[in-house]
Amino acid sequence: RKEVEQDPGPFNVPEGATVAFNCTYSNSASQSFFWYRQDCRKEPKLLMSVYSSGNEDGRFTAQLNRASQYISLLIRDSKLSDSATYLCAVIGSGNTGKLIFGQGTTLQVKP
Amino acid sequence: SAVISQKPSRDICQRGTSLTIQCQVDSQVTMMFWYRQQPGQSLTLIATANQGSEATYESGFVIDKFPISRPNLTFSTLTVSNMSPEDSSIYLCSVEVYREEPYEQYFGPGTRLTVT
């Protein structure tokens, strides 16, 4: 079983739709959680850190569920420019800085 | 965040040769990392570049194949040695920025390596 798992998609949604991605992790001692966005042929860019209490940044909401060991990303009012691959990343125990990435979920927003 | 640059941005190399990739940060950082992203895959950590001591390698990666230098807190190099076509990947450095927990990690633009 992979340490961090995501549904690769693709998720094809119309503009204005709400879409949600989940990411599960296997190490219950994991300490930090992140969502990155990666555009084609570019480096991953940090979208959001995921806090225990959940956090929101504009149209984006991230949640952490420690009991079920998953994190989620909700995108409201999807824009064409949201089309990208969304990577979840987890740091395990020990605060080593070692990011373990999921395989990414591809989102395609259509007009 | 931090401004991170990498050189070269891309290269095409012959098998059996070596390539050294440079990573420069605009501020001093404690933690620097090297990742690999193979075609169509996600990112995998190669090693943590430690300043003043040997890099810490992840399972499946060895110093002879991927020697790393970290001479100071703003610079690191990764060498891909004795290359084969399987080494064709994007190689990315990242740095950890301390503002408040969780410490966030930012990536350089990557080096796209093709081995023929």
Side-chain angles (χ1 to χ4, degrees), chain A residues 2-10 21 23-25 27 29-55 57 62-64 66 71 84-106, chain B residues 1-7 9-10 21 23 25 29-51 55-61 70 76 89-114:
Chain A
K2 292 181 182 175
E3 289 188 72
V4 180
E5 293 200 73
Q6 293 180 253
D7 180 348
F21 309 134
C23 168
T24 59
Y25 60 95
N27 183 355
S30 297
Q31 295 190 338
S32 304
F33 309 88
F34 307 91
W35 283 102
Y36 283 81
R37 170 192 169 129
Q38 187 171 30
D39 292 285
C40 188
R41 304 178 79 81
K42 298 284 191 182
E43 76 274 20
K45 292 195 186 297
L46 182 64
L47 183 64
M48 301 176 78
S49 301
V50 186
Y51 303 118
S52 297
S53 55
N55 46 307
D57 182 4
Q63 298 275 356
L64 167 63
R66 283 194 183 272
I71 62 172
T85 297
Y86 291 84
L87 299 159
C88 69
V90 174
I91 293 180
S93 58
N95 199 25
T96 60
K98 173 186 172 181
L99 279 173
I100 303 168
F101 282 87
Q103 65 190 110
T105 298
T106 299
Chain B
S1 63
V3 177
I4 307 166
S5 60
Q6 282 186 237
K7 285 197 286 191
S9 58
R10 58 177 62 235
I21 302 166
C23 178
V25 192
V29 293
T30 302
M31 303 292 279
M32 290 181 78
F33 305 90
W34 286 98
Y35 288 81
R36 178 174 76 180
Q37 187 170 29
Q38 294 179 298
Q41 304 292 316
S42 192
L43 287 83
T44 301
L45 180 64
I46 297 172
T48 304
N50 301 309
Q51 198 268 326
T56 305
Y57 289 85
E58 297 301 308
S59 175
F61 298 97
R70 179 87 192 272
S76 178
S89 277
I90 302 173
Y91 292 86
L92 302 110
C93 67
S94 72
V95 303
E96 196 171 59
V97 174
Y98 299 138
R99 268 202 301 272
E100 55 186 53
E101 290 198 36
Y103 302 140
E104 297 175 341
Q105 212 167 114
Y106 297 88
F107 286 83
T111 296
R112 186 175 297 272
L113 171 62
T114 302

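The chains referred to below are lettered A, B, ... by the order of the sequence lines, with proteins before strands, and numbering in each begins at 1. Here the structure is a predicted model, which means the values were calculated and not measured.
- Take K2(A) and apply the side chain to side chain contact (heavy atoms under 4.5 Å, CB included) test, not counting sequence neighbours, and it matches E5(A), Q103(A).
- In this structure N50(B) satisfies the side-chain hydrogen bond (donor to acceptor under 3.5 Å, both in side chains) test together with T56(B), sequence neighbours excluded.
- Taking S49(A) as the reference, E104(B) meet the side-chain hydrogen bond (donor to acceptor under 3.5 Å, both in side chains) condition, with sequence neighbours excluded.
- Contacts from residues 37-46 of chain B to chain A, taken as heavy-atom pairs separated by less than 4.5 Å, involve Q37(B), S42(B), L43(B), L45(B) in sequence order.
- With a 6.0 Å radius and a threshold of 12 heavy atoms from other residues, nucleotides or ligands, E58(B) has its CD atom above the threshold.
- Proximity to chain B (any heavy atom under 4.5 Å) is restricted, for Q38(A), to the side chain, taken from C-beta onward.
- Within the 4.5 Å cutoff, the side chain of Y35(B) has no heavy atoms near those of the E43(A) side chain.
- Considering only heavy atoms from C-beta on, L99(A) stays 4.5 Å or farther from S94(B) through its side chain.
- Minimum heavy-atom separation, Y103(B) to F34(A): O-CZ, 3.5 Å.
- Contact detail for E96(B) and I91(A): the closest heavy-atom pair is OE2-CD1, 4.3 Å.
- Among the candidates G104(A), G102(A), P44(A), the residue making the largest number of heavy-atom pairs closer than 4.5 Å to chain B is P44(A).
- For F107(B), the parts sitting under 4.5 Å from any heavy atom of chain A are the backbone and the side chain alike.
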